[in-house]
Every structure is written in structure tokens, then in C-alpha cells.
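What follows is a single structure, written as C-alpha cells, with notes after it.
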Protein chains: 2
Amino acid sequence: MRKRRSNPAYLNGVPELLVLQLLDRRPMYGYELVQAIRAASGCVFEFGEGCIYPILHRLEADGLLKASEQASAGRTRLVYRVTKAGQKQLAEAASAWQKVVATVQQVIQGGSHGQPAMA
Amino acid sequence: MRKRRSNPAYLNGVPELLVLQLLDRRPMYGYELVQAIRAASGCVFEFGEGCIYPILHRLEADGLLKASEQASAGRTRLVYRVTKAGQKQLAEAASAWQKVVATVQQVIQGGSHGQPAMA
DNA sequence: TTGCAGTACCTCGAACCCCGAGGTATCGTC
DNA sequence: GACGATACCTCGGGGTTCGAGGTACTGCAA
């Protein structure tokens, strides 16, 4: 019994990449980020909190994000911003992603015609 | 201690997609396919046999591939070809992948500045 | 003939990622 | 004080991929 997920195919380092990207653009707290991803992707990606929070914690532990408490209407929010190392990592992750995309594209499209081999 | 794999980020449905794509272009046996992926991707993807064989078996069990024995120089090879259902699945997987790629691109590039901060 | 590298198949366990469901606490409203 | 929304968090399960290992046959060379 093969169960299908709601996401198109579901990804790997993609959530991490998007988190870094969106936080680099504008510091946010977790709950906000979850909705920002949904909005920015036009509901294509719907990463839940159970996906985002662990990533946030890991990224912070790795020194790629920095969290700071921020009281807002009596509620405490943990706002995350990207560190210098995080920006470096973001650039690397983005370029790695581009490479993967380009390679898949190349395999799928390129080399398709002129295939000798007998059909 | 975060261990990094050799692959850029490592993927999810991508090996499956490439397997279907390459086999649709030309039927192959497993060992050949492993090397074909490496070659076609310019050594960017190096999916081992431990990755490819299980996919092959799963795809066959799902009726997306059909295997046929083929003796060659005393050695028995299991040549896989894509079935009709497999071609349908290939088209779907490819389009799902395109959608993911487009969405990520949109989040990364689009809407970067002038973000009205949502209210 | 023995040994070894290459071909060709396979499986297992570990690592990892993402999801869904659940748990806590506060705030504002009814 | 019950409820829903906000805001944080964790855990377990299912699925995927990786690496290492195991088998068996071929051809070649010592």
C-alpha cells in the first residue's frame, strides 16, 4: 500500500533553503514563517510546524540563525534572523539546488533525441 | 556532528524520476542503469546499486516497469522497460518536479524586495 | 588452477527527512 | 470558564536514500 503525501513529491533540503531565504529577507518567528512559506509558494508547499521548528532549532544550533526574544502583546515570540554564516550557507544551498535542478533538467531533456540504440 | 553526504543535498523522488526517464528512452538492466545515471548527470548524481535496485523492484511491483530476462555471454541480465502505466507515471512525476522547481524559484527570486510585510 | 578484477544481481541496517498528531500556555471574546 | 486563535514545542511513524556487504559468473594472467 503506497501512501501518497499531499506535497507534489516532497523534498529534501528544500524546506531548509526556503527558511534561510525567507528569514534572510525578513526576520520572523516560527509561526509566522510557517504561514509565510505557504503564502510565498501559493500553497504549493505546506510545511507544518513539526517540520519547521526542528529546522529552526538545528539551524540555530549550527550558528546559521540567531534567535532573540521579543515580547508582543504579552506573548513572547522567538524571532530568528540569519547570521553571516547563515548567509554563506544560504548561498551554498541555493547554488547546490540550482545544480541539482540543472542536472535533472539536462538528463530529462538533453540527450533524448538522436538516441541510436534501437527502439 | 552533522554528517554530510556526497550528493549535493540528496533528493526524494528524483532517483525514481531519472530511472523512469532513462528506461523510457532505452531499456536497460540495473547495473547498466546505475552507470547511465552517473554518465548522464556528469557524475553529479551517483546513486549506488543499493539505491537503484530497490527502486527497480518497487516500480516493477507497481506495474510501472516490466522486466525480462536476457542471456548475454552466459550471463543473465534483467532488462527493464517502461510500461504504459509507467509512462503515465513518468509524465506525472516530471510535471510534479517542474512544479516544485518553479515554486522554489519563485520564492527565491520573486518577491524579494518591496515585501509589504503582510498584516 | 588459483587468484583477481570486473560484471551483475541482491539485501540489510543506518541515517535522514517530513508529516501528523499531540501537548502546553497565553490572549481576547463570549 | 469555555472557546478559538496565537505561539511554542516534541514525539512517532512512514518513506527514501546510502553504504557496506554478500553471491555468482566471466575472462585473464601468473
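Here is the naming used below: chain letters follow the sequence lines, and residue numbers restart at 1 for every chain. Note that this is a predicted model, so its numbers are computed, not measured.
Residue pairs meeting the salt bridge (Lys or Arg N to Asp or Glu O under 4.0 Å) criterion with at least one partner in residues 79-92 of chain A, sequence neighbours excluded, are A/Lys88-A/Glu92.
Note: CD1 (A/Ile52) to P (C/dA21) measures 17 Å, nearest angstrom. Atom CG of B/Leu78 and atom P of C/dT7 are 18 Å apart (whole Å). As rounded to whole Å, 13 Å separates atom C1' of D/dC8 from atom CD of A/Glu60. Distance B/Arg77 CZ to C/dT7 C1': 8 Å, rounded to the nearest Å. Taking atom CD on A/Glu32 and atom P on D/dT6, their separation rounds to 12 Å, with Å as the unit. Protein atom CG of A/Leu33 is 10 Å distant from nucleotide atom P of D/dC8, rounded to whole Å. Atom-to-atom, CE of B/Met28 to C1' of C/dT7 comes out at 17 Å; the value is rounded to the nearest Å. The interatomic distance linking A/Asp62 (CG) with C/dC16 (P) rounds to 12 Å, in whole Å.
A donor-acceptor pair shorter than 3.5 Å cannot be found between the side chains of B/Gln109 and A/Gln21.
Under the salt bridge (Lys or Arg N to Asp or Glu O under 4.0 Å) criterion, B/Arg38 pairs with B/Glu46, not counting sequence neighbours. Judged as a side chain to side chain contact (heavy atoms under 4.5 Å, CB included), and not counting sequence neighbours, the contacts of B/Gln70 are B/Val79. Residues satisfying the salt bridge (Lys or Arg N to Asp or Glu O under 4.0 Å) criterion with B/Arg75, sequence neighbours excluded, are absent altogether. Annotation: side chain to side chain contact (heavy atoms under 4.5 Å, CB included) contacts of A/Thr83 (sequence neighbours excluded): A/Lys66, A/Ala85. With sequence neighbours excluded, the residues forming a side chain to side chain contact (heavy atoms under 4.5 Å, CB included) with B/Ile52 are B/Val19, B/Leu33, B/Val34, B/Ile37, B/Phe47, B/Leu56, listed by chain and number. For B/Glu32, the salt bridge (Lys or Arg N to Asp or Glu O under 4.0 Å) partners at least two apart in sequence or on another chain are B/Arg26.
Residue B/Tyr31 has no polar side-chain atom (N or O) positioned under 4.0 Å from OP1 or OP2 of C/dC9.
Among the nucleotides C/dT7, D/dC18, D/dA7, the one closest to the side chain of B/Phe47 is D/dC18.
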Distances under 3.5 Å between nitrogen or oxygen atoms of protein and nucleotides 26-28 of chain D:
| residue | atom | partner | partner atom | Å |
| --- | --- | --- | --- | --- |
| D/dT26 | O4' | B/Arg75 | NH2 | 3.0 |

Tabulate protein N/O versus nucleotide N/O from nucleotides 10-12 of chain D, keeping only pairs under 3.5 Å, one per line.
| residue | atom | partner | partner atom | Å |
| --- | --- | --- | --- | --- |
| D/dT10 | OP2 | A/His57 | ND1 | 3.4 |

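Looking at A/Leu17 and B/Val107, their side chains never come closer than 4.5 Å, going by heavy atoms from C-beta outward.
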